[in-house]
Amino acid sequence: MADAARPGTPVLEIRGLNVFYGAAQALHGVDLTLPAGTLSVVGRNGMGKTTLCRTIVGLQRAASGSIRFLGRDIAGMDPAAIARLGIGYVPQGRRLWPSLTVDEHLRLTQANRRGAWSVERVYDTFPRLGERKSNRGNQLSGGEQQMLAISRALLLDPKLLVMDEPTEGLAPVIVAHVEDLLTGLAETGGLSVLIIEQNIGVATAVADSVAIMINGRVNRTMPSAALSADRELQQRLLGVGRPGAAPETADDASVFTGVPAAAPTSRPKGPVRVWVSNPTIPTRWSQPVPVARIEAAARTVTPVEARPGVPAAGVELHALSPAGEPVVLVVGTLDTKAEELRFLVDILRGHGHRTRLVDLSTCGRPSSADVPPHQVAAYHRRGAAGVFTGDRATAVPAMADAFEAWIRRQAGIAGVLAAGGACGARMVAPALRTLPVGVPKLIVSTVASGDVAAYVGPADIMMLPSVTDVAGLNAVSRQVLANAAEAVAGMVSARAEALKAARRGRAGRPDLPAVGITVSPATAAVAEAVTGLLRAEFDCLAFPAPAGARALEKLADGGQLAGVVDLALGDLAAHLVAGAAGAEDRLGALVRARVPAVIAPGGLDVLAFGPPETVPAHLAGRRTLAHGPAVTLVRLGPAEAAEIGRALADRLNRCDGPVRLLWPEAGLSPEGRPGGPLADPAADAALVQALEAGLRQTANRRLQRLPHFIDDPAFAAAVATAVRGLQGGRGRPRRAAPP
């Protein structure tokens with residue numbers, strides 16, 4: 001047996017292995033590592049898999065390179081010596097003696113050896129062999145012969161078991177049995193297995209990783225789940241999948257053989273129209289299909305011209321595209337919406353946009369999408385197992401979380417077009433909300449005809465009602481989906497041109513730093529005044545609260561704002577006092593992005609509700625003011641004011657970036673100012689005292705009291721001065737427009 005290896009030493013490590021049969025080279029610099037456990041090696045016939053096995057066990061001599069077993073170089077050693085070190089071999093075709101019985105095979109192999117495996121243990125592990133112990137080798141079925149071949153190797157008590165095509169020639173039911181057998185062996189402690197297999201299902205089921213051999217080289221080693229889910233990659237590298245497609249590209253052939261590839265046949269440069277003369281399976285009673293129906297069902301396919309370093313459509317994509325190549329994503333569940341999604345892809349590709357189809361199906365079945373479900377699900381915090389649970393109620397939100405995590409890691413997304421029902425919209429929307437403002441995002445869904453606030457949130461997501469159910473192409477859905485695809489294509493093209501123009505310095509005034517300003521009815525006058533004072537030096541963006549405040553913080557999170565002027569904190573007060581949704585993370589972007597901020601707490605003293613009956617019961621008895629039949633203002637008392645002051649101080653204390661809190665002592669709102677209908681000096685005092693007591697003032701975080709009303713011009717001037725001070729002179733005079 002092999003000497004004890006140091007911890008962390010791979011069971012098998014092959015480097016630069018070259019093998020020849022005469023003048024013909026079979027293996028070209030093979031590199032392969034099996035740290036421990038089980039590794040499958042797959043490839044088409046003639047790729048060098050059996051040669052690799054024979055070389056490992058010493059039946060074929062290597063011209064150069066190394067084969068290390070538990071750290072020891074075994075290249076060139078005698079096969080018997082390699083077997084004694086602890087490598088068992090199950091050859092292709094089983095290689096049994098036809099005249100020996102099962103028991104004689106096993107006793108002959110064991111001889112006087114004493115190890116973990118014995119004949120008795122073999123019979124316990126494979127009861128079928130115990131029943132056939134007196135049968136000769138040529139009297140066994142294919143599955144029984146395979147069990148005997150494996151048992152013969154196990155009796156050598158190996159540390160590494162090398163198996164060449166263990167399911168070759170077996171019936172499907174026997175293949176399933178052998179697959180279970182191999183899975184059980186993989187779980188046996190202390191035994192590692194290298195399996196050479198052409199059956200993709202078996203290879204991916206019994207091993208966590210798969211190595212792919214092409215033309216005598218190991219092309220890549222990848223997770224089994226990824227290969228199992230990617231039918232396009234299987235077809236391209238292994239010749240399985242869709243009939244009629246080329247198994248590998250010319251680039252692959254030249255890379256792996258070292259011989260320049262023949263010139264590829266010419267391909268259409270533009271969109272190709274594909275017609276299907278029989279949209280449904282014909283019978284003897286079928287009538288000729290009308291030309292109009294054939295034309296309506298035709299698809300447009302745009303070939304992607306291969307360029308060096310640019311992967312063609314359909315290949316495995318670790319990155320969506322090469323650097324600088326924008327990509328449009330078409331997203332949905334391919335198991336139920338394949339026809340609609342591919343229709344959208346065809347239109348976008350017809351406009352020349354590089355497009356990737358992302359499948360969010362939760363059924364767990366293989367997918368032909370550019371980005372299959374298993375690739376997305378791997379980004380879930382619990383991995384793919386956390387998504388493919390078999391329970392739709394848990395699988396849908398889990399896939400939404402995984403897609404959000406996946407899309408955060410992608411670069412070069414030029415736009416996203418999604419189509420689906422309510423579940424599809426729920427899976428897509430959270431991820432789309434993470435994309436920067438300006439990136440086109442459109443969801444075609446049945447839910448778009450109702451309240452879409454939960455889907456859109458603070459993002460610039462567009463939602464288009466599908467009118468009919470997204471369940472196949474028909475006269476209505478074809479028009480709606482085509483409009484959606486054309487709209488996204490136009491937006492992507494227009495945005496690309498705008499970005500190019502901006503880089504050339506032609507886009508308006510791109511040199512001005514952007515400052516976001518929140519505004520509410522109570523602070524409309526001061527917001528307008530501040531904008532007028534800063535317009536010459538900053539690009540001022542107004543955001544109407546409360547929804548606009550979330551959009552502002554999204555831009556701040558994305559690094560698109562140089563500064564923030566927050567003049568409308570009424571949504572924070574409504575959240576703290578009345579439990580209103582939407583302000584749970586208010587001011588959180590200032591903490592994360594450390595963007596300079598000037599805060600004037602406008603509207604913190606008064607809450608706005610709908611008609612009087614919508615005022616919460618716990619606020620009954622407070623002073624109110626009706627602004628027509630649809631709006632009721634409620635004045636907060638000292639207790640609620642103090643609670644708001646403490647909460648605001650706590651949130652500001654988390655900010656490490658520069659923050660200036662300007663306090664207008666003459667009133668926070670027109671209704672609550674001294675002499676106003678909702679004035680309450682005691683509540684105002686409780687608010688500012690709680691804020692001062694809780695706020696930890698530093699050089700970066702300061703509270704400044706000003707003897708002004710929030711709408712006074714002097715207060716607006718103070719806000720503008722504070723913005724300029726925090727920006728450190730970043731603002732610059734606006735250049736005059738050319739004549």
Side-chain angles (χ1 to χ4, degrees), residues 517-534 540 542 544-545 549 564-574 576-577 587 597-608 622-627 631-649 651-652 659-695 697 701-726:
I517 304 175
T518 59
V519 58
S520 69
T523 60
V526 64
E528 184 177 358
V530 170
T531 300
L533 293 171
L534 296 177
C540 297
V564 168
V565 179
D566 206 334
L567 303 175
L569 288 173
D571 56 336
L572 177 60
L576 295 172
V577 176
L587 304 178
V598 176
I599 297 175
L604 274 184
D605 53 346
V606 175
L607 295 188
R622 303 295 192 278
R623 293 164 56 195
T624 62
L625 178 66
H627 271 212
V631 178
T632 303
L633 301 182
V634 178
R635 174 69 207 215
L636 298 179
E640 294 92 3
E643 177 188 356
I644 294 171
R646 289 189 292 268
L648 179 58
R651 298 193 181 205
L652 294 178
V659 175
R660 298 293 180 267
L661 178 59
L662 306 186
W663 189 269
E665 294 182 319
L668 304 178
S669 66
E671 296 79 11
R673 67 184 303 179
L678 296 180
D680 189 339
D684 291 341
L687 176 58
V688 71
Q689 288 170 7
L691 182 57
E692 282 186 314
L695 185 66
Q697 298 197 49
R701 186 189 311 119
R702 292 207 298 266
L703 168 65
Q704 183 180 0
R705 289 196 185 207
L706 298 172
H708 309 301
F709 172 56
I710 195 166
D711 276 352
D712 287 348
F715 186 79
V719 171
T721 300
V723 171
R724 297 187 186 100
L726 293 183

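Throughout, numbering of the chain's residues begins at 1 and tracks the sequence.
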Of all the heavy-atom pairs spanning [X] and [Y], show the shortest one and how long it is.
{"X": "Arg651", "Y": "Leu587", "answer": "CB-CD1, 4.3 Å"}
{"X": "Ala524", "Y": "Val519", "answer": "CA-CG2, 3.6 Å"}
{"X": "Leu576", "Y": "Glu643", "answer": "O-OE2, 3.4 Å"}
{"X": "Pro664", "Y": "Pro601", "answer": "CD-CD, 4.4 Å"}
{"X": "Val530", "Y": "Ala716", "answer": "CG2-O, 3.8 Å"}

Between [Y] and [X], is there a side-chain heavy-atom distance shorter than 4.5 Å?
{"X": "Val606", "Y": "Val634", "answer": "no"}
{"X": "Thr523", "Y": "Leu668", "answer": "no"}
{"X": "Leu633", "Y": "Leu607", "answer": "no"}
{"X": "Leu636", "Y": "Asp605", "answer": "no"}

Could I get the full list of side-chain hydrogen bond (donor to acceptor under 3.5 Å, both in side chains) partners for Arg622, not counting sequence neighbours? Glu640

Among residues at least two apart in sequence or on other chains, which ones pass side-chain hydrogen bond (donor to acceptor under 3.5 Å, both in side chains) with Thr531? none

From [atom1] ([X]) to [atom2] ([Y]), nearest 0.5 Å:
{"X": "Arg701", "Y": "Leu652", "atom1": "CZ", "atom2": "CG", "answer": "7.5 Å"}
{"X": "Leu703", "Y": "Leu662", "atom1": "CG", "atom2": "CG", "answer": "8.5 Å"}
{"X": "Leu534", "Y": "Ile517", "atom1": "CG", "atom2": "CD1", "answer": "6.0 Å"}

Give every donor-acceptor pair under 3.5 Å between a side-chain atom in residues 705-714 and any protein atom, sequence neighbours left out.
{"residue": "Arg705", "atom": "NE", "partner": "Glu692", "partner atom": "OE2", "Å": "3.3"}
{"residue": "Arg705", "atom": "NH1", "partner": "Glu665", "partner atom": "OE2", "Å": "3.2"}
{"residue": "Arg705", "atom": "NH2", "partner": "Glu692", "partner atom": "OE1", "Å": "2.7"}
{"residue": "Asp711", "atom": "OD1", "partner": "Val526", "partner atom": "N", "Å": "3.4"}
{"residue": "Asp712", "atom": "OD2", "partner": "Phe709", "partner atom": "N", "Å": "2.9"}

With side-chain contact (heavy atoms from CB on, under 4.5 Å) as the test, would you mind laying out the steps for Leu572 and Ile644 before giving the verdict? CA-CA 8 Å; Leu572 177 60; Ile644 294 171; 5.6 Å; no

Results of side chain to side chain contact (heavy atoms under 4.5 Å, CB included) for Pro677 - residues two or more places apart only: Leu625, Glu671

Which residues pass the side chain to side chain contact (heavy atoms under 4.5 Å, CB included) test with Glu528, not counting sequence neighbours? none

Show the atom names and distances, to 0.1 Å, of all donor-acceptor pairs under 3.5 Å that link a side chain in residues 678-691 to residues at least two apart or in another chain.
{"residue": "Asp680", "atom": "OD1", "partner": "Ala682", "partner atom": "N", "Å": "3.3"}
{"residue": "Asp680", "atom": "OD1", "partner": "Ala683", "partner atom": "N", "Å": "3.2"}
{"residue": "Asp684", "atom": "OD1", "partner": "Arg635", "partner atom": "NH2", "Å": "2.7"}

Quick one: does any side-chain atom of Thr518 pair with a main-chain N or O of Leu567 as donor and acceptor, under 3.5 Å? yes

Check for a donor-acceptor pair, side chain of Gln704 on one end and backbone N or O of Trp663 on the other, with a separation under 3.5 Å. no

